[in-house]
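The block underneath contains the structure these notes are about, expressed in structure tokens.
Each residue takes its place number in the sequence, starting with 1. Just so it is clear, the values below take in all heavy atoms, side chains as well, and ignore hydrogens, waters and symmetry mates. In each ligand, atom 1 is the first atom listed, and ligand 1 is the first ligand listed. What you see is a predicted model; the values in this text were computed from it and never measured.
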Amino acid sequence: MSGLQPFGARLRRAMDERGPLCVGIDPHASLLAEWGLNDDVAGLERFSRTVVEAVADRVAVLKPQSAFFERFGSRGVAVLEKTVREAREAGALVVMDAKRGDIGSTMAAYAESFLRKDAPLFSDALTVSPYLGYGSLSPAVALARESGTGLFVLALTSNPEGGEVQHAVRPDGRTVGATMLAHLSAENAGEEPLGSFGAVVGATLGDLSSYDLDINGPLLAPGIGAQGAKAADLPAVFGAAVRNVVPNVSRGVLRHGPRMVALRDAADRFADEVRAAVGAV
Ligand SMILES: O=C(O)c1cc(=O)[nH]c(=O)n1[C@@H]1O[C@H](COP(=O)(O)O)[C@@H](O)[C@H]1O
């Protein structure tokens, strides 16, 4: 339908060419203030454009966090549309961080909002929540397959509260988080060079060797920088699966703005640290 190669293949190529770093576009009110911008639509637009201009030509992935744009209503969403378009035009893949999840029939509409080729917010991939049941995501899985896009499914999140749901043990003895990883593994079976259905697994979680992270898909790993994890931790957390890790840094890069050169340098530093850590495995 879209003529796009599958997301997993496009992501693998981008990771090989640019390194695996994902920079988050999270225009917190506090960051707008630090950058000398007003907490309004003009400030939001300036912030987002600056990040795109600074790093979209060098990192594999940009991840705008939709909440910070929705905060401003329809005009904020218009800035989000422009941000996604410009980031993609500059050569970055865009993962829309909207963490959608609903009953299947509604999920289909969420998927169309972000993954249908002619949607104003069309993105290369979308973060989704499987906690209405993994099967509730199937309309999004189907549309992603059709449009050459991908999903990142919340499996083991970086926040300390996530454990009460994700570490819960099911009657079959598996944890809920492990079950999500197993669903993704099945989704990606046989795909080369990488499946399009990723998991979100926090870089903050310590040793994950009790989980099978070998899902033949990307592992989006937030938590580096502001949440305390370091690039050097990645091999210990992810083991051999580190080759498929896309580490996200948002505030750790963004706090270096508004000067474009400083943002670029910060992204390059994280990219180097990530490359060194991943290469060491
Ligand atoms: O899906 C996400 O991106 C995500 C999942 C998760 O488990 N933890 C997590 O922090 N995130 C997002 O990753 C970003 C982390 O931002 P920083 O802590 O500023 O680097 C935010 O946009 C979060 O919403």
Can an N or O of [X] be found at a distance shorter than 3.5 Å from an N or O of ligand 1?
X: N159; value: no
X: K63; value: yes
X: S158; value: yes

Under 4.0 Å from any heavy atom of [X], which atoms of ligand 1 are there?
X: T157; answer: 7 (O)
X: N248; answer: 13 (O), 14 (C), 15 (C)
X: D97; answer: 1 (O), 2 (C), 3 (O), 12 (C), 22 (O), 24 (O)
X: R251; answer: 17 (P), 18 (O), 19 (O), 20 (O)

Within the 3.5 Å criterion, strictly below it, is a donor on [X] or [Y] matched to an acceptor on the partner's side chain?
X: D97; Y: T127; answer: yes
X: Q166; Y: T175; answer: no
X: R116; Y: S147; answer: no
X: Q227; Y: T204; answer: no

* Asked: For atom 5 (C) of ligand 1, which of V200, I224, V249, V95 has the closest heavy atom?
  ->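 That would be V200.
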Nearest to [atom], what protein heavy atom do you find, and at what distance?
atom: atom 15 (C) of ligand 1; result: Q227 NE2, 3.5 Å
atom: atom 2 (C) of ligand 1; result: K99 NZ, 3.2 Å
atom: atom 20 (O) of ligand 1; result: S250 N, 3.0 Å
atom: atom 21 (C) of ligand 1; result: D26 OD2, 3.2 Å

* Asked: Above 12 or not: heavy atoms from other molecules or residues under 6.0 Å from CZ of R46?
  ->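 Incorrect, the count does not exceed 12.
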When you measure from the side chain of [X] to the backbone N and O of [Y], does any donor-acceptor pair fall under 3.5 Å?
X: N216; Y: N188; answer: yes
X: R174; Y: T179; answer: no
X: R100; Y: A98; answer: yes

